[in-house]
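Just so it is clear, the values below take in all heavy atoms, side chains as well, and ignore hydrogens, waters and symmetry mates. Worth saying up front: this structure is predicted, and the values here are computed from it rather than measured.
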Amino acid sequence: MITDHIRNREKYYYLGEDYKTALDFFATVSGEPFEKADIAIENSGVMVKARPMETKRKEDCRFEAHRKYADIHFVAYGKEKIGYCDVKRLKLVNYNEEKDAAFLEGEGDYITMLPGYFMITLPDDAHMPCICVEKPEPLGKMIAKIKL
C-alpha cells in the first residue's frame, strides 16, 4: 500500500506507464462535484471510476481486495477513512471472479484521506474504503483500475 499527495506523483512513475497515466489524470481533477461515470483514458488500459458518494459508518463497510487489478483511490473532495490490512491477516468471505473482488473480514489499520491524496493498493492490500471520519458526508472519489 502506498499513500501520498498527488503533488508527489512523479515519485511513483517507476511503477509503470498506466500508474503514471492515472496519477497525471488525477492531478487535473478539480475539487468540484462531478457525476458518476466510468472514464476510459485514451491510449491506455486505465479505467477510472468517478464516484460521488456519501461516507458510511465503519460497521457498514467491508474489506475488499483484488487479484487481477491494482486500485488507485483518489479523493477529489470530502474526506474518508480507508482501512487497510495484509489479506493474509483477514478471513476470506467470498470472491467474485466477474468483479475481481474478494470480500474479507477482520481488523486492520485506518488512515484518513483528504482532498488531493491517493492510495495505491495491490493484491495483498485489503482495503475498506468510504468510512466516515466523524459523521457521514459527501465524498468525491475516483478509483483507477490498473490491470496487473
Problem set entry | Pair His127 and Tyr84, ring centroids less than 6.0 Å apart | no
Exercise. Would a distance-only check, ignoring hydrogens and angles, find a side-chain to backbone donor-acceptor pair under 3.5 Å from Asp100 to Glu97?
Worked result: no
Problem set entry | Salt bridge flag under 4.0 Å for residues Arg89 and Asp86 | no
Exercise. Any ion pair linking Glu80 and Lys56 (charged N to carboxylate O, less than 4.0 Å)?
Worked result: no
Problem set entry | Joint hydrophobic cluster, Ile82 plus Tyr77, side-chain heavy atoms closer than 4.5 Å | no
For this session: Given side chain to side chain contact (heavy atoms under 4.5 Å, CB included), test Lys58 with Met128 step by step and report yes or no.
Result: CA-CA 9 Å; Lys58 179 183 162 198; Met128 181 188 291; 4.2 Å; yes
For this session: Taking only Lys NZ, Arg NE, NH1 and NH2, and the carboxylate oxygens of Asp or Glu, determine whether Lys145 and Asp38 approach each other closer than 4.0 Å.
Result: no
Problem set entry | Qualifying residue for ring pair (Phe, Tyr, Trp, His ring centres under 6.0 Å) with Tyr12, from Phe118, Phe26, Tyr19 | Phe118
For this session: Show your reasoning for whether side chain to side chain contact (heavy atoms under 4.5 Å, CB included) applies to His73 and Tyr117.
Result: CA-CA 8 Å; His73 298 253; Tyr117 280 83; over 6 Å; no
Exercise. Any ion pair linking Arg9 and Asp24 (charged N to carboxylate O, less than 4.0 Å)?
Worked result: yes
Exercise. Under 4.5 Å between side-chain heavy atoms, hopping through other hydrophobics if needed: is there a path connecting Ile72 to Leu122?
Worked result: yes
Exercise. Hey, would you say the Phe74 and Phe25 ring centroids sit under 6.0 Å apart?
Worked result: no
